[in-house]
Amino acid sequence: MPTLNLFTNVPVDTVVASDILRDATKAVAKIIGKPESYVMILVNGGVPIEFAGTEEPAAYGELISIGGLGPSVNGKLSSTIAEILQTKLYIDSSRFYIKFYDVQRSFFGFNGSTF
């Protein structure tokens, strides 16, 4: 159930969004060690963002998971997602924040219940 929610001030067309969704799904599943069938990625483009006093291309992400997170994994996720954003949207890694949430099973709903 890892869920990655990405926000960027860069407009994202459907082709680029599909590439980001595909690449991020594979990366999150592999790094966290969860099946791709449980991974959800959201890409929100064209969101007003000011970072470090400018509106230059920037992004913010939140990754929520039931387990699988920790210092080493979080570092790999941060660098891999930053690389995807750099490659697909030309967002420098110094203009990207990501926050990680390791949640309890009962704090995440699915299929009319919780995990």
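The figures that follow rest on heavy atoms only: side chains count, while hydrogens, waters and symmetry mates do not.
To the nearest 0.5 Å, atom CZ of residue Arg95 and atom CD of residue Gln86 are 12.0 Å apart. Here Leu69 contributes atom CG and Leu63 contributes atom CG; the two are 6.0 Å apart, rounded to the nearest 0.5 Å. Between the NZ atom in Lys26 and the CD1 atom in Ile84 there is a gap of 11.5 Å [rounded to 0.5 Å]. The CE atom of Met40 sits 9.0 Å away from the CZ atom of Phe110 when rounded to the nearest 0.5 Å. Distance check, rounded to the nearest 0.5 Å: OG1 of Thr25 to NZ of Lys30 gives 14.5 Å.
The nearest pair of heavy atoms linking Pro35 to Ala29 is C-CB, 4.2 Å. Among all heavy-atom pairs drawn from Ile32 and Gly67, the shortest one is CG2-O, 4.2 Å. Listed here is the closest heavy atom pair of Gly68 and Val73: O-CG1, 3.3 Å.
By the rule that hydrophobic residues join a cluster once side-chain heavy atoms approach within less than 4.5 Å of another member, Val16 and Ile91 end up as members of one cluster. Residue Val10 is not grouped with residue Phe7 when hydrophobic side chains (ILVMFWY) are merged at heavy-atom distances under 4.5 angstrom, including chains of intermediate members. Hydrophobic cluster membership is shared by Leu89 and Val43, with clusters built from Ile, Leu, Val, Met, Phe, Trp and Tyr side chains linked at under 4.5 angstrom. When hydrophobic clusters are built by joining Ile, Leu, Val, Met, Phe, Trp and Tyr residues whose side-chain heavy atoms come closer than 4.5 Å, directly or via intermediates, Leu85 is grouped together with Ile31.
Here the side chains of Phe96 and Ile81 are in contact, with some heavy-atom distance below 4.5 Å. In this structure, Asp102 and Ile64 have side chains that are not in contact, with every pair of non-hydrogen atoms separated by 4.5 Å or more. Within the 4.5 Å cutoff, side-chain heavy atoms of Phe108 are placed close to those of Thr3. Asn9 places none of its side-chain heavy atoms less than 4.5 Å from the side chain of Val47.
The backbone N or O of Ala58 sits less than 3.5 Å from a side-chain atom of Thr8, completing a donor-acceptor pair.
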Review point. Could you walk me through whether Leu42 and Leu4 pass the side-chain contact (heavy atoms from CB on, under 4.5 Å) check?
Key: CA-CA 6 Å; Leu42 297 89; Leu4 174 61; over 6 Å; no
Check your understanding: Hey, mind stepping through Ile98 and Leu77 against side-chain contact (heavy atoms from CB on, under 4.5 Å) and telling me if it holds?
Key -> CA-CA 9 Å; Ile98 184 165; Leu77 287 164; 5.5 Å; no
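Arg105 CZ: 12 or fewer foreign heavy atoms inside a 6.0 Å radius.
Identified under the side-chain hydrogen bond (donor to acceptor under 3.5 Å, both in side chains) test for residues 33-46, with sequence neighbours left out: Asn5-Asn44. Here side-chain hydrogen bond (donor to acceptor under 3.5 Å, both in side chains) pairs that include residues 72-81, with residues two or more places apart or in two chains, number zero.
Residues meeting the side chain to side chain contact (heavy atoms under 4.5 Å, CB included) test with Tyr97, sequence neighbours left out: Phe51, Tyr60.
Under the 3.5 Å distance criterion, with hydrogens and angles disregarded, a donor-acceptor pair is assigned to the side chains of Asp92 and Ser94.
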